[in-house]
Amino acid sequence: HQIGLLERIQVMRHTRRRHIEVRADFAGGHVALSEHAQRTLRAQELIVDMVIDLLQGRSWEQLRAEQPQISARLTRLVSNEPDINAVVISSPDGMEAMSNNGAFRNRGIAQREFFLRLRDDPSVQRVFSAPSIGQVTGERNFNLAKRRADADGAFQGVVYVAVRTAYFENMYSGLVRDPADAIGLV
């Protein structure tokens, strides 16, 4: 009976020690993880802002005429970004788009939540979508999208980056010690 009690005390001490170690690891690690995620997302947002600046003052018809050059420029912009699967410019109706992967029609985003929110509410600055499977690449992504407007504020479509969820999964998977542990972006 007394041996069982001593074993339970040892298990409790080990569990408490492990809990303290995990808390200490988490205290230092969660700050680094948070900073990494924030910097990564800020860099992605800066890319979207750069594309919006590049397109400033151009109608969709002008963009369509310049599509090969724009797609080539988008490719150069994200070629060294392992976290970005695509950067996409949509037409105002959401039925056409051009990206670093070329141009496509009838793969519309007009019914996606991020497009609708940005189209319908000019006060919304940016939208992060829920993860989904990319229509062109077949990879799991979430989108960081911003509204594109003309000088009068009229909706001209959206610009978004498709962010690889695998980038964050691969980055953080080595930090998880126990299968019951998890790290998530919220």
Side-chain angles (χ1 to χ4, degrees), residues 33-169 184-186:
L33 293 175
S34 176
E35 287 177 2
H36 173 264
Q38 288 175 9
R39 285 188 183 131
T40 301
L41 295 173
R42 181 65 187 136
Q44 294 159 351
E45 187 170 12
L46 287 171
I47 288 172
V48 170
D49 290 341
M50 288 172 60
V51 173
I52 290 172
D53 288 345
L54 169 73
L55 306 177
Q56 194 65 35
R58 294 184 180 144
S59 69
W60 186 253
E61 291 73 30
Q62 290 169 316
L63 296 178
R64 191 181 297 124
E66 299 173 32
Q67 185 276 317
Q69 296 88 353
I70 291 171
S71 288
R73 192 149 184 200
L74 296 176
T75 298
R76 286 190 306 274
L77 186 63
V78 299
S79 63
N80 293 320
E81 302 296 332
D83 51 322
I84 296 177
N85 196 5
V87 58
V88 181
I89 305 162
S90 84
S91 61
D93 66 2
M95 292 307 295
E96 280 184 73
M98 61 182 70
S99 75
N100 57 303
N101 297 319
F104 45 93
R105 297 182 195 280
N106 300 323
R107 291 191 185 256
I109 62 166
Q111 298 306 312
R112 292 193 182 183
E113 181 184 356
F114 70 88
F115 181 88
L116 296 170
R117 285 189 60 208
L118 291 165
R119 182 194 68 193
D120 297 344
D121 188 350
S123 70
V124 174
Q125 296 296 307
R126 69 174 179 237
V127 175
F128 289 92
S129 74
S132 63
I133 302 300
Q135 294 177 341
V136 175
T137 64
E139 289 185 51
R140 188 169 168 82
N141 307 294
F142 66 87
N143 300 311
L144 185 164
K146 289 185 125 179
R147 184 178 207 270
R148 188 165 102 63
D150 64 17
D152 297 325
F155 182 72
Q156 294 298 308
V158 300
V159 175
Y160 67 95
V161 289
V163 181
R164 290 182 171 100
T165 59
Y167 171 78
F168 289 100
E169 292 163 359
L185 292 175
V186 184

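Predicted model only: the values in this text are computed from it and were never measured.
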Task: Test item: Asp93 and Trp60 side chains (from C-beta on) under 4.5 Å apart, heavy atoms - done: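 Heavy-atom side-chain distance check fails, nothing below 4.5 Å.
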- [ ] Taking the side chain as every heavy atom from C-beta outward, state whether Arg39 and Glu35 have any pair of such atoms under 4.5 Å apart.
- [x]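 The answer is yes; the side chains approach within 4.5 Å.
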For the atom pair [atom1] ([X]) and [atom2] ([Y]), what is the distance rounded to the nearest 0.5 Å?
{"X": "Gln44", "Y": "Tyr167", "atom1": "CD", "atom2": "OH", "result": "8.0 Å"}
{"X": "Ile109", "Y": "Leu118", "atom1": "CD1", "atom2": "CG", "result": "9.0 Å"}
{"X": "Arg112", "Y": "Arg119", "atom1": "CZ", "atom2": "CZ", "result": "14.5 Å"}
{"X": "Asn101", "Y": "Leu74", "atom1": "CG", "atom2": "CG", "result": "9.5 Å"}
{"X": "Leu55", "Y": "Ile89", "atom1": "CG", "atom2": "CD1", "result": "4.5 Å"}
{"X": "Arg64", "Y": "Arg58", "atom1": "CZ", "atom2": "CZ", "result": "14.5 Å"}

Does [Y] offer a backbone N or O that forms a donor-acceptor pair with the side chain of [X] under 3.5 Å?
{"X": "Arg164", "Y": "Ile84", "value": "yes"}
{"X": "Asp150", "Y": "Asp152", "value": "yes"}
{"X": "Ser90", "Y": "Ala97", "value": "no"}
{"X": "Ser71", "Y": "Asn100", "value": "no"}
{"X": "Arg148", "Y": "Gly157", "value": "no"}
{"X": "Gln62", "Y": "Ser59", "value": "yes"}
{"X": "Asn143", "Y": "Ala145", "value": "no"}

How close do [X] and [Y] get, heavy atom to heavy atom, and via which atoms?
{"X": "Arg76", "Y": "Ser79", "value": "O-OG, 3.3 Å"}
{"X": "Ser99", "Y": "Val88", "value": "CB-CG2, 3.9 Å"}
{"X": "Glu81", "Y": "Leu77", "value": "CG-O, 4.1 Å"}
{"X": "Ala110", "Y": "Met95", "value": "CB-SD, 4.4 Å"}

Has [X] got more than 12 heavy atoms of other residues, nucleotides or ligands less than 6.0 Å from its [atom1]?
{"X": "Asn80", "atom1": "CG", "answer": "no"}
{"X": "Arg140", "atom1": "CZ", "answer": "yes"}
{"X": "Arg126", "atom1": "CZ", "answer": "no"}

Task: Residue pairs involving residues 115-139 (criterion ring pair (Phe, Tyr, Trp, His ring centres under 6.0 Å); sequence neighbours excluded) - done: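 Passing the test, one end in residues 115-139: Phe115-Phe155.
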TODO: Let me see the working for Leu144 and Glu45 under side chain to side chain contact (heavy atoms under 4.5 Å, CB included), right down to the final yes or no.
DONE: CA-CA 7 Å; Leu144 185 164; Glu45 187 170 12; 4.2 Å; yes
